[in-house]
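A short write-up of the structure that comes next.
Order of the sequence lines sets the chain letters (A, B, ...), proteins ahead of strands, with each chain counted from 1. Being a predicted model, the structure only gives us computed values, none of them experimental.
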Amino acid sequence: MASRPLPGSTTLGLGHMPSPLQEERLSPDRWQAVYNFGRSTWRPGWVVRPTRADDVAALLEWARTHGWKVALRGAGRSYGDAALGNGHLLLDFTRMNRILEWDPDTGLLSVEPGVTVERIWRYTLEDGWWMPVVPGTMYPTMAGMLAVNVHGKNNWKAGTLGEHVRRVTLLTPRGQVRTLTPEDTPEEFRAVVGGLGVLGVILEVTLQMKRVHSGDLLVRAWATPDLRHTLEALDTHKDAWDYVVAWVDGLAGGKALGRGQIHVARYLEPGEDRAPARTLRAEHQDLPDNLFGIFPKSVLWRFMRLAMHRPGMRLVNLGKYLAARTLAHHKEYRQSLVAFNFLLDYIPHWERAYGAGGMMQYQIFVPKAHAQDVFREVLRVTQRQVPTYLAVVKRHRPDDFLLSHGVDGFSLALDFPVRPRRLPQLAGMLDYFNRLVLEAQGRFYFAKDASLTPQVALAFLGEGAVRRFLTLKDAWDPDGVLESALYRRIFAPLRERLGLNPHAHRG
Amino acid sequence: MHLPALQPKPVAVVVGASSGIGAALVRRLAEADYRVALLARRREALEQNARLLNERFGPDTARAYEHDVTHYDQVPDLFQRILREMERIDAVLYVAGVMPPVGPDEFDFAKDRTMVEVNLLGAMAWLGRAAVHFRALGRGHIVGVSSIAGDRGRVANPAYHASKAGLTTYLEALRNRLSRHGVHVLTVKPGFVDTPMLAQARPKKTFWVVSPDQVAADILRAMQRGKQVIYTPARWRWVALVIQHIPSFIFRRLSF
């Protein structure tokens, strides 16, 4: 394993840092209430947005010697508490966002941790390269995505984002810089990707981009009458198409339970697009600012808020299903890569429509054989207890990352409004679902998680994986400096169970 | 069931937590699922209070911080230390107060000065620091325990009345500054409360004396409801209304 002192930094002095650090005193105005993406919870954080590796190293060293913990944050697009700290130092990497190297011949791209999906496609698409895996929104940062090893609607074909990463440069809390690759350091690489930002700070990522011959995808859409058909459709088309995804009407019960709309899409072959130079340009990709040419989308969430209750969402879901049955049934059309992939970005600030309590997403991954039974029970129970306003099903495959969420099966993602008074009921319901998923040998995804207990996490990850993860954590971060709210909630309590030393107390 | 990811326990800092209203308040706060930082000068009483809370509500509920509120310079560092050790501060409640016995013809600057230092300057040091933090977060509760004695300057104890009047006005100004930034400021005006301070002050006559726990319950309820000014018990509001409107030519002839 390569390990060398930080380039260009002879000492870990604080010469570059702003005065509050030199005074070893908190500058009180750096404190912020930092929210999760669903705006359903917050933690105080002493927020610093560094721009240089030296500064990051100095901050880590300062925190270590002064008894502060450090949490890492990218764009803050995690639904749960993965990008929140525990009221200590919070390093926000959105300013560390330079594109370091780009080779339009090979499609190899090197970026700093805070570069977003949007930055990347705007930079590379004109050369005919697209990110091999993107999540449902273009705002997350590279390091944030790798910390939870995101997947996209093409998970079956393309795997997770981590599978396309060629090299990661990591700064560990004791100030060492390590270069990790899937070939030379496979164990460490597969722990850091999906490693929740607690093994070290990702300083640089090299990604192999995907060659595309058009800025458009060929998309096909049709409606499915029930859950069985929905799952069958995804399974049948998973090999012929690059992307397969289903929207499900979470409020339809009885025989119509699990009805929805399938979207499949594939990249275009060379020659299929007669004007690739045009479709690869950003103007062709940009999402419109208005609906129907007139209605400004920036305020749409305020109107959506009016429909955020069970009858309202029933109507919306029914309308969407009927449109899928009629207008869009078995339609084939071309859609830009951006428009197809970043559905969530169509309505800016849609998460605010859920109101003061915010929203949460719950996503479960269930092997093929049990998916239908588990999803049926889950949808049924939500309809009786806490209704879901948006449900999405995808087809997945396993991967060999240490804290993997992949299974050979399906995932079901459910959006719930968070209302303080109904939280106990929601918590009880999710606890029941967690047990169902465990029984079915299913898995969970930390980018979305707000409900896992240490026991459930240990059960789905397996003791061996958790032990390897925590052992690496102890080797690279023996002081336990890096600590997110999620790590504190799920992994810190497991240390004692596995016979590892507890981290130094926060005091 | 609950979701710990979404519902971390809030932290309250209680300045003056060794006895009286403060000691009752930390119990009520712990019952309401707060974690509490207990601050006072007397280490033993403080540590015992913290120990009892941790035994009853869980090991991570309370921490004791020995502190003399007249050591104003220590406040910023101590505030920061509490932030690091308790990991958040959601509410700061200033309960510390003194009322030494003062005779009808006594003008003792040493006593007067102590009252202003503890009742007013200590509050400014703590609540001002809290204001900076909560202003930055855009949320938080600031609670000051003033007194009905601050509503008028009576013959009994000029400096006490002045210190509480100053605190009431300071809290009002904080509220006017901070409410637009999402910070809640509560002024508490108790009447007679059965505390060591009351016993020490030896007032001539007392009535409607209530337990510190009753006052603490009222404070917590007012915090949760976002009230701005409360009298506790509530009936003192009517007494205050009358007292506030007694014209001076009568007021200066009264003996209370």
Side-chain angles (χ1 to χ4, degrees), chain A residues 24-36 38-47 63 66-69 79-82 84-89 357-358 360 362 418 420 423-432 449-454 483 485-486 488-490 493 505-507, chain B residues 1-13 32-33 35 37 50 54 59-65 73-92 125-141 178 181-184 224 226:
Chain A
E24 298 184 4
R25 174 175 296 216
L26 285 182
S27 161
D29 53 349
R30 278 189 185 275
W31 284 91
Q32 273 180 253
V34 182
Y35 285 80
N36 63 348
R39 297 191 74 79
S40 54
T41 191
W42 66 280
R43 300 288 187 281
W46 186 58
V47 181
H66 288 77
W68 290 86
K69 304 283 184 191
Y79 288 86
D81 54 356
L84 300 178
N86 297 298
H88 292 247
L89 220 64
M360 67 170 292
Y362 178 73
V418 176
L423 259 178
Q425 194 184 15
L426 183 64
M429 186 175 87
L430 298 183
D431 182 61
Y432 168 60
D449 178 61
S451 76
L452 289 190
T453 59
E483 188 195 68
L486 189 145
R488 163 85 62 86
R489 169 167 64 92
I490 293 179
H505 188 260
R506 44 186 109 149
Chain B
M1 294 278 317
H2 68 302
L3 292 171
L6 302 187
Q7 298 160 292
K9 284 189 175 190
V11 169
V13 176
D33 246 5
R35 293 162 58 227
N54 286 332
D60 203 24
T61 303
R63 270 171 185 260
Y65 296 90
D73 299 350
Q74 296 175 358
V75 173
D77 285 346
L78 185 52
F79 193 93
Q80 175 186 322
R81 190 179 138 209
I82 297 169
L83 261 179
R84 179 165 57 79
E85 293 180 355
M86 305 285 287
E87 305 193 318
R88 58 191 291 150
I89 295 177
D90 298 85
V92 174
W126 274 99
L127 302 183
R129 180 63 186 80
V132 173
H133 187 62
F134 294 149
R135 165 73 182 84
L137 294 186
R139 53 195 311 156
H141 297 278
L178 297 173
H181 302 298
V183 183
H184 170 226
Q224 286 161 344

task = Hey, could you give me the OG1/CG distance between A:Thr453 and B:Leu3, rounded to the nearest 0.5 Å?
result = 11.0 Å
inquiry  = Could you report the tightest heavy-atom contact between A:Arg43 and B:Ala5, atom names first, then the distance?
reply    = NH2-O, 2.9 Å
message = Looking at A:Arg489, I'd like to know if its CZ atom is crowded, meaning that more than 12 non-hydrogen atoms belonging to other residues, nucleotides or ligands lie closer than 6.0 Å.
response = yes
request  = Step by step, work out the side chain to side chain contact (heavy atoms under 4.5 Å, CB included) result for B:Arg88 and A:Trp42.
outcome  = CA-CA 11 Å; B:Arg88 58 191 291 150; A:Trp42 66 280; 3.2 Å; yes
note = Under 4.5 Å to a heavy atom of chain B? For A:Tyr79 that would be neither
task = Find out whether A:Trp31 and B:Leu83 are in side-chain contact, i.e. whether some heavy atom of one side chain is under 4.5 Å from a heavy atom of the other.
result = yes
ask   = Which one of B:Arg81, B:His133, B:His2, B:Arg139 has the most heavy-atom pairs closer than 4.5 Å to chain A?
value = B:Arg139
query = Of the backbone (N, CA, C, O) and the side chain (C-beta and beyond), which part of A:Ala450 lies under 4.5 Å from a heavy atom of chain B, both, or neither?
reply = both
key: A:Pro28 versus B:Val132, closest heavy-atom pair with distance   = CB-CG1, 3.4 Å
ask   = So which part of A:Val418 gets closer than 4.5 Å to some heavy atom of chain B, the side chain, the backbone, both or neither?
value = side chain
task = Heavy atoms only, distances under 4.5 angstrom: which of A:Asn86, A:Asp29, A:Asp449 has the most pairs with chain B? Name it, please.
result = A:Asn86
Residue that, paired with B:Leu6, satisfies side chain to side chain contact (heavy atoms under 4.5 Å, CB included) out of A:Asp81, A:Leu426, A:Thr41 = A:Thr41
ask   = Say you draw a straight line from CD of B:Glu87 to CZ of A:Arg488; how long is it, rounded to the nearest 0.5 Å?
value = 4.0 Å
query = Mind checking whether B:Met1 and A:Tyr432 have side chains closer than 4.5 Å, heavy atoms only?
reply = no
